[in-house]
Protein chains: 2
Amino acid sequence: MSEITAKITPPQDFDTLRAAILERRGELPKRLTQVAAYALDHPDDIAFGTAASIALSADVQPSTLVRFAQQFGFDGFSGLQLLFRARLRERTSSYEERLRALEQDGAALAESTTIFNGFIAAAHRSIDTIAAAVEPDAFERAVTLLANAETIYLIAKRRSYPISSYMAYAFGKLKVRCQLVGTSAGIDDDLLAMATPSDAAFAISFSPYASESAAQARALAARGIPVVSLTDSAFSPLAECSREWFEVVEADHAGFRSLSASMAFAMALTVSIAEKRRRG
Amino acid sequence: MSEITAKITPPQDFDTLRAAILERRGELPKRLTQVAAYALDHPDDIAFGTAASIALSADVQPSTLVRFAQQFGFDGFSGLQLLFRARLRERTSSYEERLRALEQDGAALAESTTIFNGFIAAAHRSIDTIAAAVEPDAFERAVTLLANAETIYLIAKRRSYPISSYMAYAFGKLKVRCQLVGTSAGIDDDLLAMATPSDAAFAISFSPYASESAAQARALAARGIPVVSLTDSAFSPLAECSREWFEVVEADHAGFRSLSASMAFAMALTVSIAEKRRRG
DNA sequence: CCACAATTGGAATGAACATTCCACATTGAC
DNA sequence: GTCAATGTGGAATGTTCATTCCAATTGTGG
């Protein structure tokens with residue numbers, strides 16, 4: 001009767017696994033060492049490949065990969081691969097570790113604390129996402145477009161209204177003429193009727209889209225007034241009638257989204273426009 | 001005999017595919033449009049998931065995913081999935097490059113890019129700061145206080161108004177009665193005169209403080225109505241008349257502050273209050 | 001040199017998977 | 001209202017895959 005192989009629990013995150021691999025590197029048999037080296041050198045390949053393709057690249061047998069994973073407590077290769085995939089997903093935000101740490105002892109905390117931490121984490125992720133998603137060239141073009149306008153019309157309803165109202169406040173301070181559309185019902189269309197092609201509009205709309213905003217943006221675009229927009233999906237009706245459009249996907253916590261990333265974007269746009277005017 | 005379906009060559013990279021999807025989004029049938037929207041909104045899920053799991057998330061059949069891919073010239077779903085995986089590989093590297101560029105000198109970049117990166121960085125810092133500054137116990141007390149109120153009065157002017165307007169929007173969705181103060185001039189004091197000690201108020205004010213907000217908060221506190229406040233300094237006139245108060249110091253870029261951290265805080269507070277009410 | 005254990009290669013297996021196919025539903029034309 | 005065409009759901013299919021198992025090989029202590 002041989003010894004019982006102790007069923008150790010596998011690492012829960014990539015960094016722990018990485019540490020475990022490094023620690024046991026010396027004591028592993030030849031082929032497993034080979035796998036260890038390959039895994040640490042080509043983590044992306046592990047994440048995407050199949051056992052067969054990885055085995056080929058690492059010059060071992062697929063079964064060796066399974067044995068390797070089992071050495072570290074996983075059921076099989078697939079379990080280990082999950083960590084490599086998670087790493088790739090989360091690489092953009094270094095706050096994931098922290099979030100996980102927060103979630104682990106989440107049971108002991110008050111619910112409000114859990115919600116608070118959730119929104120903090122979501123805000124971080126949102127900002128990382130928008131930082132990666134906004135192309136500098138497109139941003140520069142949008143700034144130029146709006147800086148050249150006589151009056152900037154800010155179109156936003158409902159969930160996006162707070163953003164435009166803050167932009168209106170900041171534009172006021174910066175002495176940039178703008179007109180907030182959507183503030184009091186009724187006069188919006190009259191206001192927009194006064195816009196000319198030497199003006200410009202900035203429209204914001206998130207799903208579920210306010211049809212009014214889309215209609216107003218379309219109407220302006222049809223009259224030759226350039227429209228720049230901020231939205232949360234390429235499918236937004238705003239995207240198709242905009243000269244430039246930006247996508248911001250606010251991470252959500254429990255289905256609710258804050259406007260953290262949108263706010264940062266809005267301020268960057270506002271200040272950039274004012275700065276461009278001041279210089280030019 | 002029907003027409004021969006033209007064997008078009010599939011897109012070779014993600015951006016081309018994305019453009020193709022956007023271009024044809026209008027002419028696609030219902031379920032395929034659904035897939036298109038899901039694919040562009042959740043590209044990471046497409047990259048990692050299996051046809052079955054993705055189909056579940058997107059609320060379609062696996063076969064629909066295959067048909068979708070075939071619409072764009074791929075043999076099947078797997079071919080399309082490869083592009084999503086490639087994107088993920090490249091994105092992480094390009095994001096890292098961007099961070100590196102951000103850390104280096106911004107001289108070569110357009111000014112708007114520098115400003116944008118500045119606000120992104122400021123938003124990150126702000127959120128870190130507020131995460132550390134808010135005490136869980138105080139937050140829980142504030143939530144309890146406001147959850148027990150019949151009507152929540154939201155007091156905010158100028159720079160803090162966008163936050164309260166978003167809270168009002170969210171409270172409306174969550175069926176929590178609230179009253180936004182400061183929306184139209186004149187009637188504010190009449191509104192506040194109706195508040196009773198079974199109500200509560202949430203006041204927001206940043207330097208330079210709107211004296212009106214402080215006066216209103218003081219008046220409410222004097223009449224026994226509990227006030228919770230969010231401000232940017234312990235010396236804020238709001239702090240002294242509040243049962244609970246929180247400090248959020250938004251990091252600034254070139255003297256301008258976004259509201260990223262405040263927004264995250266506001267949403268956490270709003271959702272926590274609604275959740276507490278729902279539970280009992 | 002032998003016995004024994006540890007390690008490895010590779011075929012066998014069964015599960016998971018993408019894909020195909022067909023019946024049914026929906027849409028639009030006449 | 002009827003019919004054709006297109007779109008859709010879900011079961012059937014054949015493939016790919018991870019995993020297991022066992023024989024072969026290598027290493028090791030006596």
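As a basis for the values below, the full set of heavy atoms in this structure was taken, side chains included, without hydrogen atoms, waters or symmetry mates.
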Check your understanding: Any side-chain donor-acceptor pair under 3.5 Å between B:Arg31 and B:Gln34?
Key -> yes

Check your understanding: So, A:Ser258 and A:Ser260: side-chain donor and acceptor under 3.5 Å apart, yes or no?
Key -> yes

What is the distance from [atom1] of [X] to [atom2] of [N], rounded to the nearest Å?
X: B:Phe48; N: C:dA16; atom1: CZ; atom2: P; answer: 21 Å
X: A:Gln34; N: D:dT26; atom1: CD; atom2: P; answer: 15 Å
X: A:Ile54; N: D:dT16; atom1: CD1; atom2: P; answer: 18 Å
X: A:Gln70; N: D:dT19; atom1: CD; atom2: C1'; answer: 8 Å
X: B:Phe77; N: C:dA16; atom1: CZ; atom2: C1'; answer: 15 Å
X: A:Phe74; N: D:dT20; atom1: CZ; atom2: P; answer: 15 Å

**Study point:** Under 4.0 angstrom between B:Ser78 side-chain N/O and C:dT19 OP1 or OP2
**Key:** yes

Check your understanding: If only atom types and distance count, is the side chain of B:Arg85 paired as donor or acceptor with the main-chain N or O of B:Ala47 below 3.5 Å?
Key -> yes

Check your understanding: Taking protein heavy atoms under 4.0 Å as touching, what does nucleotides 7-12 of chain D look like 5' to 3' if B marks base contact, S marks sugar-phosphate-only contact and - marks none?
Key -> SBBB--

Review point. In which stems does DNA chain D show up, taking only runs of three or more Watson-Crick or G-U wobble pairs whose two distances fall under 3.5 Å?
Key: C:1-30 with D:1-30

Practice item. Please check if the distance between the ring centroids of B:Tyr166 and B:Phe171 is under 6.0 Å. Key: no

Check your understanding: Which atoms form the tightest heavy-atom contact between A:Ala122 and A:Ala251, and what is the distance?
Key -> O-CB, 3.5 Å

Check your understanding: Of all heavy-atom pairs between A:Ser242 and A:Leu238, which one has the smallest distance, and what is that distance?
Key -> OG-O, 2.7 Å

Exercise for review: With sequence neighbours excluded, tell me which residues meet salt bridge (charged side-chain N to carboxylate O under 4.0 Å, His left out) with B:Asp45.
Suggested key: A:Arg89

**Study point:** Salt bridge present between B:Arg18 and B:Asp13 (N-O < 4.0 angstrom)
**Key:** no

